[in-house]
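This report concerns only the one structure given below.
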Amino acid sequence: LDLTCPKAPCFVRFSEREQIANLQAEINQKKMEIEILELEKETADITHPFYLNQKCQIFQDMNNHLEAVLKEKRALRKRLIRPRCQDSLPIEAPYHKYIVELLTEAVTFIEKLEKHLQTVRSSPQIPTLMKDMDTALTKTEILVRDLEELTEQILKWREVQKE
């Protein structure tokens, strides 16, 4: 009797709704797992022991450097207090503008010197470059001759075709 009697449509819809709700819950669960995995991936460089060891080593090196600086605090303070102008050559004020001009000329001289050195370095290559140019010129002359002959043949062929 149960097989022959049709099921009520409301119960069919109820079971479909229950299946849909179960699938939605499963989808939400998977989304939550994916978000957790992405968060772990983003924070892996912070929490991974390898990176933590590297950062710890960097901090230890910085700490050692700062300790060394603090140990030599007095010597550093003396060096900073001492004026720097006594370490260089004293130049009287009227000659400062000449020194500036001299330095600009020195810079241009160095630039020109570099260019001249480059040309001197490339001078051993000049004979090979000249040979390459000669061979290129002879090849172009041959091509020009061939082109002239070909144009003459084309013109003769046109005249023959016209006749």
Nearest heavy atoms of Thr140 and Leu137, plus distance in Å: OG1-O, 2.7 Å
His96 side chain near Val100 side chain, heavy-atom distance below 4.5 Å: no
Spacing of Glu105 atom CD and Lys112 atom NZ [to the nearest 0.5 Å]: 9.5 Å
Spacing of Thr119 atom OG1 and Lys115 atom NZ [to the nearest 0.5 Å]: 11.0 Å
Partner of Val69 under side-chain contact (heavy atoms from CB on, under 4.5 Å), chosen from Glu72, His65, Lys73, Lys71: His65
Note, Asp146 side chain near Ile142 side chain (heavy atom, < 4.5 Å): yes
Flag side-chain contact, heavy atom, 4.5 Å: Glu141 against Val144: no
CD-CD1 distance between Glu114 and Ile110, expressed to the nearest 0.5 angstrom: 7.5 Å
Verdict with supporting geometry, Val107 and Glu111, side-chain contact (heavy atoms from CB on, under 4.5 Å): CA-CA 6 Å; Val107 169; Glu111 288 175 355; 4.0 Å; yes
CD1-CD distance between Ile154 and Glu159, expressed to the nearest 0.5 angstrom: 12.5 Å
Pairwise distance CG(Leu129) to CG(Asp134) - rounded to 0.5 angstrom: 11.0 Å
Set of residues satisfying side-chain hydrogen bond (donor to acceptor under 3.5 Å, both in side chains) with respect to Asp61, sequence neighbours excluded: Gln57
Side-chain heavy-atom pair Thr104, Thr108 within 4.5 angstrom cut-off: no
Any side-chain heavy-atom pair of Lys131 and Thr128 under 4.5 Å: no
Members sharing Met32's hydrophobic cluster (side chains within less than 4.5 Å): Ile36
Tyr98: partners by side chain to side chain contact (heavy atoms under 4.5 Å, CB included), with sequence neighbours left out: Tyr95, Glu101
Heavy-atom neighbours of Gln161 CD exceed 12 at 6.0 Å: yes
Spacing of CD belonging to Gln60 relative to CD belonging to Glu67, to within rounding of 0.5 Å: 10.5 Å
Student check: side-chain heavy atoms of Arg121 and Leu117 closer than 4.5 Å: yes
